[in-house]
Amino acid sequence: MLSVLIWLPIISAIVIAILPANIPNNRIRLAALYFSGIVFAWNIAILLKFDINNPAMQFQEYLPWNENLGLSYQLGVDGLSILMLVLNSLLTWISIYSSNQNTERPRLFYSMILLVSGGVAGAFLAENLLLFFLFYELELIPFYLLISIWGGEKRGYAGIKFLIYTAISGALILATFLGMVWLSGSTNFAFDAFSPENLSVTMQITLLIGIVLGFGIKIPLVPFHTWLPDAYVEASAPIAILLGGVLAKLGTYGLLRFGLGMFPQAWSIIAPTLAIWGAISAIYGAVIAIAQKDIKRMVAYSSIGHMGYVLLAGAASTPLALVGAVAQMFSHGIILAILFHLVGVVEAKVGTRELDKLNGLMSPIRGLPLISALLVLSGMASAGIPGLTGFVAEFIVFQGSFSVFPLSTILCVVASGLTAVYFVILLNRTCFGRLDNLAYYPKVLWPEKVPALILAAFIIFLGIQPTWLVRWSESTTTTMVAAIPPIEKTTVSQVPLEYK
């Protein structure tokens, strides 16, 4: 059942890649939409069958592959990964739908997107360390091509920089995985075969540092973030949606799955450092975003700050904080996706992303009132305004983390306030202000509005009905927290989540 989420996109990518060259671009795009739509529907079917009271892996699949290497095809899904799978398939469909119908080399373009989708799904589903690594690395070359071929003016530089950083990330993770198995005396790379008790605390911390650094590059956290603004800004809007909405979540997922989940004792020891790191990333991302003049670069830097909240929640490792971490990962994905899409529409219609050249887009004279209204909604969601999904996720993170790391939590709350500052700057200069001319920009067609309307519906619905955002992960995250030695962390009482 789970294999469909991996192999249907990969097979679809192969099918699209070998289509005859005389097929019109729009037909190739429709084929990619059809395949990705099936994957999303299948994902929803799995979500509806998912047992929220079961903290263990569900719908497991197992196939021996190479027992001498300890490699097996072992899949499963739990509360930590189920929403990430939905996010991946949703944003893949959104990315394909929002792409230009006249995209050059469409067969390669859409096949690379589908290949990324299959690889990311495989990483979220893998229950074997080597299998996870194979899928984790599968998206590397496709993303490099998507940036380098269809990106902006500096796409070559951005693509190479992305490739180097993510390759280093993969090397660190592979070395750590090999060390985890070999140093523990095991020959099996299955998740449940690893036992940290066979390693000294010093060795556990050393291996955990490798995991933190490897996935910290992928998220990315300060100071490993320098590839992010170049890659996000130079990538086309559909690819920026996947980079920020999906790829970054592999980093936070890896930290929680392999860091907190496999080294609970070592994690509790370095948790104070991680909390400070998360707060620094949050403050840095917000402050740098305020200084930007390019609205796409501003949105890119905002991602750094919001990922800092996830690290804070993981460091606090209380049941409420971890539920908030998963909620923040999903919320950030859809909010960043709608922002990148809207910025892409503005750039396509106005011809610039510069704050100094944009004004009055909310006016009907400009022809972008609905796009501007959706941009206001998205900015409010990112700033954590109550009633929207961003508020729900951030509030749970802060509520669950404050009793453990009050100072780091307060700094993240300050960063959340700074988020409101740079989005007020963005919205004031782009959507409002005096019109310096009466230029009427090209009309935004309804197909261009559909992705933003879909994502806006998620933002509003999950803000009003947060149960649908948090209910999936509570059992799994509570079990993860129970494995952390209580003597290594501050014990706090948490208000249980109640569902009606």
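- Atom OH of Tyr73 has more than 12 heavy atoms from other residues, nucleotides or ligands within 6.0 Å.
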- Test Ser99 against Tyr110 for side chain to side chain donor-acceptor pair (under 3.5 Å), laying out the working first. CA-CA 9 Å; Ser99 63; Tyr110 294 116; 2.8 Å; yes

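- With Ser268 contributing its side chain and Gln265 its backbone, the two residues share a donor-acceptor pair below 3.5 Å.
- Under the side-chain hydrogen bond (donor to acceptor under 3.5 Å, both in side chains) criterion, Thr409 pairs with no residue, sequence neighbours left out.
- Contact annotation: the side chain of Leu114 approaches that of Ile96 to within less than 4.5 Å [non-hydrogen atoms, C-beta and beyond].
- Counting only heavy atoms from C-beta outward, the side chains of Trp42 and Met1 approach each other to under 4.5 Å.
- Residues Ser89 and Asn43 bring a donor and an acceptor atom of their side chains to less than 3.5 Å of each other.
- The aromatic rings of Phe258 and Phe215 sit parallel to each other, their planes meeting at less than 30°, with 60° as the upper class boundary.
- Atom CG of Asp78 sits about 9.5 Å away from atom OG1 of Thr477, to the nearest 0.5 Å.
- Remark: Ser195 OG to Met262 CE distance equals 11.0 Å, nearest 0.5 Å.
- Note that Arg257 lies outside the cation-pi zone of Phe124, set by a 6.0 Å cut-off to the ring centre and a 45° limit from the axis.
- Here the shortest heavy-atom pairing between Ser475 and Ile52 reads OG-O, 2.7 Å.
- A distance-only check finds no donor-acceptor pair linking the side chain of Trp277 to the backbone of Leu221 [under 3.5 Å].
- Checked by atom type and distance alone, the side chain of Lys249 pairs as donor or acceptor with a backbone atom of Gly244 at under 3.5 Å.
- Taking CG from Asn53 and CD from Glu474, the interatomic distance works out to 9.0 Å, rounded to the nearest 0.5 Å.
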- Message: Apply side chain to side chain donor-acceptor pair (under 3.5 Å) to residues Gln60 and Glu127 and explain how you reach the verdict.
- Response: CA-CA 9 Å; Gln60 289 180 298; Glu127 285 192 76; 3.0 Å; yes

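- Across all non-hydrogen atoms, the minimal contact from Gly118 to Phe135 is O-CD2, 4.4 Å.
- Listed here is the closest heavy atom pair of Glu104 and Trp150: O-NE1, 2.7 Å.
- The main-chain N or O of Ile459 is never found under 3.5 Å from a side-chain atom of Thr389 such that the two would form a donor-acceptor pair.
- In this structure the side chain of Pro55 never reaches within 4.5 angstrom of the side chain of Thr478, judged on heavy atoms.
- The aromatic rings of Phe162 and Phe143 sit perpendicular to each other, their planes meeting at more than 60°, with 30° as the lower class boundary.
- With Ser302 contributing its side chain and Val299 its backbone, the two residues share a donor-acceptor pair below 3.5 Å.
- In this structure a side-chain-to-backbone donor-acceptor pair under 3.5 Å is present from Trp227 to Ile217.
- Distance check: Leu260 CG to Ser317 OG gives 5.5 Å after rounding to the nearest 0.5 Å.
- Counting only distance, with no hydrogens or angles, the side chain of Ser169 and the backbone of Gly214 share a donor-acceptor pair below 3.5 Å.
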- Task: Please assess Tyr165 against Thr226 for the test side chain to side chain donor-acceptor pair (under 3.5 Å), listing each intermediate value before the final yes or no.
- Result: CA-CA 9 Å; Tyr165 271 81; Thr226 57; 2.6 Å; yes

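- When every heavy atom of Ser117 is checked against every heavy atom of Asn88, the shortest pair comes out as O-ND2, 3.1 Å.
- Using a 4.5 Å heavy-atom threshold, the side chains of Phe50 and Phe59 count as touching.
- Between the side chains of Tyr157 and Lys161, at least one donor N or O sits under 3.5 Å from an acceptor N or O.
- Looking at every heavy atom in both residues, His341 comes nearest to Ser98 through ND1-CB, 3.5 Å.
- With rounding to the nearest 0.5 Å, the separation of CD in Glu61 from OG in Ser72 is 12.0 Å.
- Between Met329 and Val310 the shortest side-chain heavy-atom distance falls below 4.5 Å.
- Nearest approach of Gly76 to Met57, heavy atoms of both residues: C-SD, 3.5 Å.
- Checked by atom type and distance alone, the side chain of Ser111 never pairs as donor or acceptor with a backbone atom of Ile16 at under 3.5 Å.
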- Task: List the steps and the verdict of side-chain contact (heavy atoms from CB on, under 4.5 Å) for Arg297 and Asp230.
- Result: CA-CA 8 Å; Arg297 189 172 290 270; Asp230 295 309; 4.2 Å; yes

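- Between Ile219 and Phe224, the closest side-chain pair of non-hydrogen atoms is not below 4.5 Å.
- The distance from the CD1 atom of Ile173 to the CZ atom of Phe177 is 6.0 Å, given to the nearest 0.5 Å.
- Within a 6.0 Å sphere centred on OH of Tyr62, heavy atoms belonging to other residues, nucleotides or ligands number more than 12.
- Under the 4.5 Å side-chain criterion, counting only non-hydrogen atoms from C-beta, Ser331 is in contact with Leu469.
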- Message: I'd like to know whether Phe132 forms a side-chain contact (heavy atoms from CB on, under 4.5 Å) with Leu125, so could you lay out the CA-CA distance, the side-chain angles of the two residues, the decisive distance to 0.1 Å, and finally the verdict.
- Response: CA-CA 8 Å; Phe132 171 87; Leu125 290 170; over 6 Å; no

- Message: For a side chain to side chain donor-acceptor pair (under 3.5 Å) check, start with the C-alpha distance between Tyr301 and His225, then their side-chain angles and the critical distance, and finish with the verdict.
- Response: CA-CA 9 Å; Tyr301 273 110; His225 67 285; 5.2 Å; no

- Item | Audit row: Leu85, Ile46, side-chain contact (heavy atoms from CB on, under 4.5 Å) steps and yes/no | CA-CA 10 Å; Leu85 290 168; Ile46 293 175; 6.0 Å; no

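- A donor-acceptor pair under 3.5 Å is formed between the side chain of Trp267 and the backbone N or O of Gly314.
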- Item | Pair Leu75-Asn128, side-chain contact (heavy atoms from CB on, under 4.5 Å): steps then yes or no | CA-CA 8 Å; Leu75 307 179; Asn128 182 284; over 6 Å; no

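- Taking the ring centroids of Phe35 and Phe40, they lie at or beyond the 6.0 Å cut-off.
- Ring planes of Tyr309 and Phe398: perpendicular class, angle over 60° (limits at 30 and 60°).
- Listed by first then second residue, pairs satisfying ring-ring contact (aromatic ring centres under 6.0 Å, His included) with a partner in residues 317-337 read His306-His332, not counting sequence neighbours.
- Annotation: side chain of Met84 is not in contact with side chain of Val246 (no heavy-atom distance under 4.5 Å).
- At distances below 3.5 Å, at least one donor-acceptor pair connects side-chain atoms of Thr166 with backbone N or O atoms of Leu163.
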